[in-house]
Number of protein chains: 2
Amino acid sequence: MTKHEIVNQLLPIFRRYGYEGTTLSRISEATGLGKASLYHHFPKGKEEMAKAVLEHLKEWRQIHVINHLLGEGSPLERLLAMTESMRLVYDQGKQSCLLTILSMGDSKESFSAQIQPAFESLIETITVVLVDAGFSKQDANERAEDAILQIQGSLVLSRALDNNSSFQRVMSRLPYSLLNINNQTSQTKEQ
Amino acid sequence: MTKHEIVNQLLPIFRRYGYEGTTLSRISEATGLGKASLYHHFPKGKEEMAKAVLEHLKEWRQIHVINHLLGEGSPLERLLAMTESMRLVYDQGKQSCLLTILSMGDSKESFSAQIQPAFESLIETITVVLVDAGFSKQDANERAEDAILQIQGSLVLSRALDNNSSFQRVMSRLPYSLLNINNQTSQTKEQ
DNA sequence: GTCTATACGTGGATAGAC
DNA sequence: GTCTATCCACGTATAGAC
């Protein structure tokens, strides 16, 4: 089994159980590999596994979010591509964000070096799009922060209420509200 | 030592370390009580302790948030009282929300019976205020959800970036943006 | 590269004295 | 109501055979 495949199996476990809740036994069971085999691939143990997953997600973000945001098309089209990717990776709001999971609790310090730049690069890239759309640098940056904040908040609420409607609503309106456009599904919210 | 005092000491521990990261040893050290003494107060152990903290927070919310929202004054004044309380309990965004902490990871199921109504009652109460302010029931409800979602999102982001500016910004503008009012510190965001 | 077996610490929890 | 002492399960991690 290749390391890449293992990392792919690790993601849902860490997302579901959190860092401390993810035990080697669970990982062993999910992957079918013995604990010793896991240490063969990740000599530094669980922490290294989580870091590998974060690195894997970084590549995913680069390909499926950052590149789309910096790609061809109007600002609206680029933002729509972003929300589409977000819907996918968070399974319509039913899955938590690993960045958030790992930034809470005891594990925080171990991963902040990966978590912080992850959010920062997302915000910065959205800022670029909004500057393209005509907003001032400062205004664009605050709006970009708002975007991330609303996504994360909707994920929190969807999880807490066991109901993903808030995530769906935020995803639907976000590209339009960021650009101050009224669209059909959210006429009353961006005024 | 009274149970009330113990619960007060438990809150910061669960908030900081999460449920799995909060060990009896840590609690014992923080409270100065031996493990056996803790079991005298909470026979069902750690889970009962966390539930007691959630119950304690419920009372706090009732007194410091719900009552203010349903109290005297204009809608704006009531919302300002709410954000003031939020600033306090989250220490200007430097502290996490226990509801969010406990709704993540392995512990989720044990506490959803307390977490879900907590968010629901907050949303419902804000909805009442916004209906008072003239919004339709449906519109008010979505805005109330947005309020909670933005608060939670700003806490997530403040924690992840180790920088509470997003929390401060959301708290400053929220009472105004909910009511579609332009205020001095956030002219450009409620368009 | 994967396994079995095992070591070691620590977590949650309890018994029983005071 | 708090303590000391202790139990058991399970967590991370390693040794060594295949």
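Throughout, a chain's letter reflects where its sequence line sits, starting with A, and its residues are numbered from 1.
Atom pair B:His40:NE2 and C:dA13:P shows a separation of 17 Å (rounding to whole Å applied). Counting to the nearest Å, the P atom of C:dG11 and the CG atom of B:Asp106 are 17 Å from each other. Rounded to whole angstrom, the span from the CD1 atom of B:Ile13 across to the P atom of C:dG11 amounts to 13 Å. Rounded to whole angstrom, the span from the CD1 atom of B:Ile27 across to the C1' atom of C:dG11 amounts to 12 Å. Whole-Å rounding puts the B:Leu38 CG to D:dG1 C1' distance at 12 Å. Distance B:Glu29 CD to C:dG12 P: 14 Å, rounded to the nearest Å.
For the pairing with A:Asp106, the salt bridge (Lys or Arg N to Asp or Glu O under 4.0 Å) check across B:Arg16, B:Arg26, B:Arg15 returns one residue only, B:Arg26.
Among the atoms of the strands shown, only primed sugar atoms or phosphate atoms (P, OP1, OP2) are found under 4.0 Å from some heavy atom of B:Gly32.
Taking 4.5 Å as the limit, some side-chain heavy atom of A:Ile151 sits within range of a side-chain heavy atom of A:Tyr90. Between A:Lys108 and A:Met104, every side-chain heavy-atom pair lies at or beyond the 4.5 Å cut-off.
Close to C:dG1, at under 4.0 Å from its OP1 or OP2, lies no side-chain N or O of A:Ser37.
Scored by the salt bridge (charged side-chain N to carboxylate O under 4.0 Å, His left out) test, B:Lys51 finds B:Glu47 as partners (sequence neighbours excluded).
Ring pair B:His68/B:His64 is perpendicular by interplanar angle, where above 60° counts as perpendicular and below 30° as parallel.
Between the CG atom in B:Leu33 and the CD atom in B:Glu5 there is a gap of 10.5 Å [rounded to 0.5 Å].
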Could you list all N or O pairs between the protein and nucleotides 11-14 of chain D that sit under 3.5 Å apart?
residue : atom : partner : partner atom : Å
D:dG11  : OP2  : A:Ser25 : OG           : 3.1
D:dT12  : OP1  : A:Lys46 : NZ           : 3.1
D:dT12  : OP2  : A:Leu24 : N            : 2.7
D:dA13  : OP2  : A:Tyr39 : OH           : 2.6
D:dA13  : O5'  : A:Tyr39 : OH           : 2.9

